[in-house]
Each structure stands twice: as C-alpha cells, then as structure tokens.
Amino acid sequence: ARRAPGGGDWVRIGFAQMLQRARAVGQALVDRGLSAERPVAILSDNDLEHLTLAMGAMWAGVPWVPVSPAYSLLSQDFGKLRHILATTTPGLVFAANAAFGRAIDAVVPADTHVVLADMADAGSLGGRPVTPFADLLATVPGAGIDAAHAQVGPDTIVKFLFTSGSTKEPKAVINTHRMMCHNMQMALQAMAFLADEPPVLVDWLPWNHTFGGNQNIGICLYNGGTLYIDEGKPTPKGFAQTLRNLREISPTVYFNVPKGFEELSLAMETDDVLRESLFRRVQAFMFAGAGLSQAVWDRLDRLAEQTVGERIPVITGLGMTETAPSCTFAVKPGVQSGHIGLPCPGVEVKLVPVDGKTEVRFRGPNVMPGYWRAPQETAEAFDDEGFYKTGDAVKFADPADPQKGLLFDG
C-alpha cells in the first residue's frame, strides 16, 4: 500500500491483484527480449509501480537493477549511474517521472526502452520515445510469460544489487532466488512470531539496499504480510510523514536505522497517540546499518514498559549486500548495543585472525555466487575454502561461552 498523491488515503494492491499485474508486466518484458544480459534498471524510489515492475521481472526470470535515486537526482556528473548502467547494460530503464529525464538523457543509450509511471513532461526527454507504465500493465499475458516462468529456478538471477561504493566504484552483487528464499526462511526461524499472524510493516527503507529491498519486502512476500510504503525519512524534513503513518498503522514488526529509532523514541515522549499506536501489536524492533546507542535502546524499553507493561525485543545482527543480507541474528534476551548474535540457520562462520583482530567469514546458500561481470573482484572476495571475506571484525561476547554470540568489533 502507498498513500495516494497528495497524501490521501492508502492505495492498496492485494496478492491476487499483484500476481495479475506481475504476469502482465512479465509478458511485456519477455516481449522486449529482456534477460540477464539486458535487464531492467529502476532509477526511482519505492512506489507501487517500482514493486510491480520488480514482481513482473521476478516472475519472468528477468533480473532488475534497483538504483539509488540520488545517482540520478543529486549527482552532477552521473558518474555512479553511468558505471552501473555500463556494468549491467539494461534493455529497459524505468523511472517514476520526468524528473529523471536529465540523467536518462545523459546516460541511457538511445536504443534502450524508457518507461515512465507519470507521463507528464515526458516530451522533455530529448525527444526519445517513452512508454507509459500503463502500457506494460495493459499487456495480455500469454504463452510467453508462462514459458519464461517455467524456466525460473534457484539459480536464476533475481536482481543485481549494487554495493554502496563509498570507497571505490559500486560492485554488482548477483542475487539469486536461492539466496533470497534461504534468507526468508532464516528470518522466519529467527523471528518465529512472523508466522503467528501476517506481518504488517510501515517501512521507508530503500529498495536499492538489501535491508529494505530483500529482507523487508521478502518478509511480507514469504509470510503473507502487508507493506505500507512510508514516504517519510529519518530527516528533519521527512520524519513528520513517518510519524503520521505510524499514528494510523500499527506494525507487527518495525525496522529502521538507528537515527530513525532515535527520532521516533524522542517523538513518543510527548505523543501519546503515536506511542499507543506503535506499541499496540508490535512484536519486535530491528535495526541495521550502524550501532544503536544504549541511550536510545533504554528509552525504547522505558516507553514500552509504560505503554504495554513489558519491553519489546530489539533484534539486530550482521548482514551485507553479498549475503542477501542476513548472516547472524541477535534475538536472545539481554541483547545490547554491539551484539550481532549467532549464525543464522544454514550459515557457516569462520573466524580468522587478521592484523590483530578477528575477521568473520561466511559460507552458505545465502552467499552470492559473485559480482556480475567482475571475475577479478569475485576471486578476491572468497578465500580458498569458499568463505566470503567480509572485512568485518568480531569478538565473542563471552570467550568462555560461545553460545552468547558475537560482538561487532569494527
């Protein structure tokens, strides 16, 4: 679900309707001859068209490439966008509206299909032909999509998810159906309450990142849940929208980055409606992306005790783009800031001394087969036993009792 333009009521798409949409869009992608060599690139942020296109691509066995909108809207030279499109050579590029036109004109080859959800000002795109997203939705699914779907298996590529590229050029991480399905089962075994009732998420986390795009969409798909797309952000300007949504929708599990939990916990100190709505049925909080300060953790505990008479478990762990994302979960009582817990079911962990610290390495069905079109970087990412080298350091919470799990150590 997503709010109607202008912030009105929620526009909803149910599972049966999404299946119809996915088959129609999937047929349109098959008709255009798209494949792993010519995938779908999505330039814009979380919305219903983005998700429909992703579901259609998944159904058809065509990978998609979710790209950070900042690479199109904030960048002046489009360097990262140019690198991403050169690496993946998409056959179709999708964006929400003509605000992405400057980036498309600068970087997208003239023979690449361009699709916009909102056709207003589409004529500003350098005169190139532009297809309305509605045309993809209007495609009649037939034998082509059925044949393509029949070929989808565990090693079919779902998407190319790019690393942040904070230190060097972003790398295209191959995400397969095997990786994502295993991750959803790992999450369910770590958070068994997901099976008690269909999960409800109110979530802003971007789908071009593994946390929002793999775990959170996946939890809803795998467990029959509902994802309310939160168009707010944990910023001074954007957080009012998040607070409005949480006053109206009570999630069963709530995900955010530490900054978001900090802003939310401060707002709940003086907003009884918000506090009671959030705590009404939430079973757990989970954060990722950085450490949650103990002060924020303590504030969440205190507010929960005041509101519902008990603390809400705060779950964390260690994950990364290359592992789709989960590797460890910290779910036991007594978890504190810095804990990352124990290996997920099915994940093997190797601890290796490196430069005076202990590097954690992972092997399992959730680990990528490699980086797309980057054999050298792929070879360097794994050790001689096939463990992915994370570059993250850990230490035992209690060296005498490994069952107490691991702490992040830089």
Side-chain angles (χ1 to χ4, degrees), residues 1 10 12-19 22 51 54-55 58-59 152 154 158 175-205 207 210-230 245-246 249-256 261 277-288 300 304 307-319 323-335 339-348 362 364-367 403 405:
W10 295 96
R12 301 166 188 267
I13 299 177
F15 274 77
Q17 184 186 2
M18 183 58 92
L19 177 57
L51 189 60
M55 294 295 108
M58 193 190 300
W59 194 261
V152 176
V158 177
N175 278 229
T176 65
H177 282 267
R178 183 190 309 276
M179 292 166 64
M180 294 182 67
C181 290
H182 275 278
N183 233 287
M184 292 310 97
Q185 181 62 22
M186 291 172 188
L188 179 57
Q189 287 177 227
M191 296 179 268
F193 63 84
L194 292 171
D196 294 343
E197 61 178 318
V200 174
L201 275 62
V202 178
D203 196 59
W204 67 269
L205 288 155
W207 296 339
T210 186
F211 187 11
N214 281 11
Q215 176 183 279
N216 296 356
I217 289 178
I219 280 173
C220 291
L221 271 178
Y222 200 63
N223 300 287
T226 303
L227 178 72
Y228 289 90
I229 297 173
D230 175 14
N245 293 337
L246 287 171
I249 307 295
S250 297
T252 60
V253 56
Y254 186 68
F255 302 97
N256 214 321
F261 277 112
S277 177
L278 180 68
F279 285 116
R280 183 170 296 129
R281 57 179 179 174
V282 73
Q283 306 265 354
F285 298 129
M286 184 175 178
F287 69 89
L300 288 169
T307 310
V308 291
E310 62 182 1
R311 296 179 178 188
I312 304 302
V314 180
I315 295 171
T316 185
L318 185 65
T323 60
S326 303
C327 298
T328 71
F329 277 126
V331 297
K332 291 186 175 183
V335 170
H339 284 208
I340 57 169
L342 292 165
C344 295
V347 175
E348 292 179 89
F362 297 108
N366 61 316
V367 177
Q403 285 300 315

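Just so it is clear, the values below take in all heavy atoms, side chains as well, and ignore hydrogens, waters and symmetry mates.
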Check side-chain hydrogen bond (donor to acceptor under 3.5 Å, both in side chains) between [X] and all other residues, then give those that pass, not counting sequence neighbours.
X: S277; value: S250
X: Q189; value: Q185
X: W204; value: N256

Please name all residues satisfying ring-ring contact (aromatic ring centres under 6.0 Å, His included) with [X], sequence neighbours left out, ordered by chain then number.
X: Y222; result: none
X: F329; result: none
X: Y254; result: F261

Original post:
Considering the options N245, T226, I229, which one meets the side chain to side chain contact (heavy atoms under 4.5 Å, CB included) requirement together with W10?
Top reply: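 Testing W10 for a side chain to side chain contact (heavy atoms under 4.5 Å, CB included) against N245, T226, I229 leaves exactly one candidate, N245.
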Side chains of [X] and [Y], heavy atoms from C-beta outward: is any pair under 4.5 Å?
X: D230; Y: D203; answer: no
X: L246; Y: P251; answer: yes
X: W59; Y: V152; answer: no

Subject >> N175 and N214 side chains, donor-acceptor separation under 3.5 Å >> reply: yes
Original post:
What are the two closest non-hydrogen atoms of T210 and P325, and how far apart are they?
Top reply: OG1-CB, 3.2 Å
**OP:** Assess whether side chain to side chain contact (heavy atoms under 4.5 Å, CB included) is satisfied between N183 and M179, documenting all intermediate values.
**Re:** CA-CA 6 Å; N183 233 287; M179 292 166 64; 5.9 Å; no
